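The next block holds one structure in the form of structure tokens; read it before the comments.
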Amino acid sequence: MWETAATGFAAMGSEARLKVLRTLVRAGETGLTVGEIRDRTGIAPSTLAHHLKFLTAGGVVEQKKMGRNTINRACYDQLRNLADFILAECCADDLKKVANDG
């Protein structure tokens with residue numbers, strides 16, 4: 001899981017990619033075309049394609065061809081896995097300190 005988590009977090013490692021991902025999360029399961037993402041984020045098409053490539057490679061966005069359009073969707077299961085991974089040991093050391101102080 002460490003490698004998967006590192007890849008996922010690295011994919012989100014820029015302000016622009018976070019903006020794209022958040023836009024897709026807001027859009028829900030129906031997803032958005034590249035043009036719709038561009039309109040909502042203001043990111044230039046060539047730059048947007050680059051960011052979508054990173055997000056897709058990181059497993060946090062999926063793309064599906066539908067006719068002439070490509071629909072982009074957030075991968076909610078993967079995003080939940082990343083959140084669970086980073087929060088799995090939340091406050092564990094703090095709890096040990098409290099137990100030892102008691």
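Heavy-atom basis, side chains included; hydrogens, waters and symmetry copies ignored. These figures come from a predicted structure and were not determined experimentally.
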When Asp39, Thr41, Thr33 are each screened for side chain to side chain contact (heavy atoms under 4.5 Å, CB included) with Ile37, the one that passes is Thr41
If you look at every heavy atom in Leu24 and Tyr76, which pair is closest and at what distance? O-OH, 3.5 Å
Counting C-beta onward and ignoring hydrogens, is there a side-chain heavy-atom pair between Thr4 and Phe85 closer than 4.5 Å? no
Is the count of non-hydrogen atoms from other residues, nucleotides or ligands lying under 6.0 Å from Met66 atom CE greater than 12? no
Can you name the closest pair of heavy atoms from Ala11 and Gly58 and give their distance? CB-CA, 3.7 Å
Stepwise side-chain contact (heavy atoms from CB on, under 4.5 Å) check, Leu21 with His51: CA-CA 10 Å; Leu21 183 58; His51 291 310; over 6 Å; no
Hey, is NZ on Lys65 packed in by over 12 heavy atoms from elsewhere, all under 6.0 Å? yes
Let me confirm one number: the NZ-CG distance from Lys53 to Leu48, rounded to the nearest 0.5 Å. 14.0 Å
Minimum heavy-atom distance between Ala27 and Leu32, given as atom pair plus value: CB-CG, 3.5 Å
Roughly how far apart are Thr23 OG1 and Arg40 CZ, rounded to 0.5 Å? 7.5 Å
Check the hydrophobic clustering (I, L, V, M, F, W, Y; side-chain heavy atoms under 4.5 Å; chains of links allowed) and say if Trp2 and Leu87 are grouped together. yes
How far apart are the closest heavy atoms of Cys75 and Gly59, and which atoms are they? CB-O, 3.5 Å
To the nearest 0.5 angstrom, please state how far the CD atom of Gln78 sits from the CD atom of Glu62. 11.5 Å
Are Asn69 and Glu36 close enough, and set up right, to give a side-chain contact (heavy atoms from CB on, under 4.5 Å), and what steps lead you there? CA-CA 11 Å; Asn69 291 317; Glu36 291 169 325; over 6 Å; no
Verify the cluster assignment for Ile71 and Val34: are they in a single hydrophobic cluster under the rule of side-chain heavy atoms below 4.5 Å apart? no
Taking atom CE of Met12 and atom OG of Ser14, what is their separation to the nearest 0.5 Å? 11.0 Å
Report the C-alpha separation of Val60 and Arg17 in whole Å, then their side-chain angles, then the decisive distance to 0.1 Å, and conclude whether the side-chain contact (heavy atoms from CB on, under 4.5 Å) test is met. CA-CA 11 Å; Val60 294; Arg17 288 195 292 271; over 6 Å; no
What one should report as the nearest heavy-atom pair of Asn81 and Met1 is O-CE, 3.8 Å
Between Leu52 and Phe54, is there shared hydrophobic-cluster membership here, with clusters defined by ILVMFWY side-chain heavy atoms closer than 4.5 Å? no
Could you report the tightest heavy-atom contact between Ala5 and Leu82, atom names first, then the distance? CA-CD2, 3.5 Å
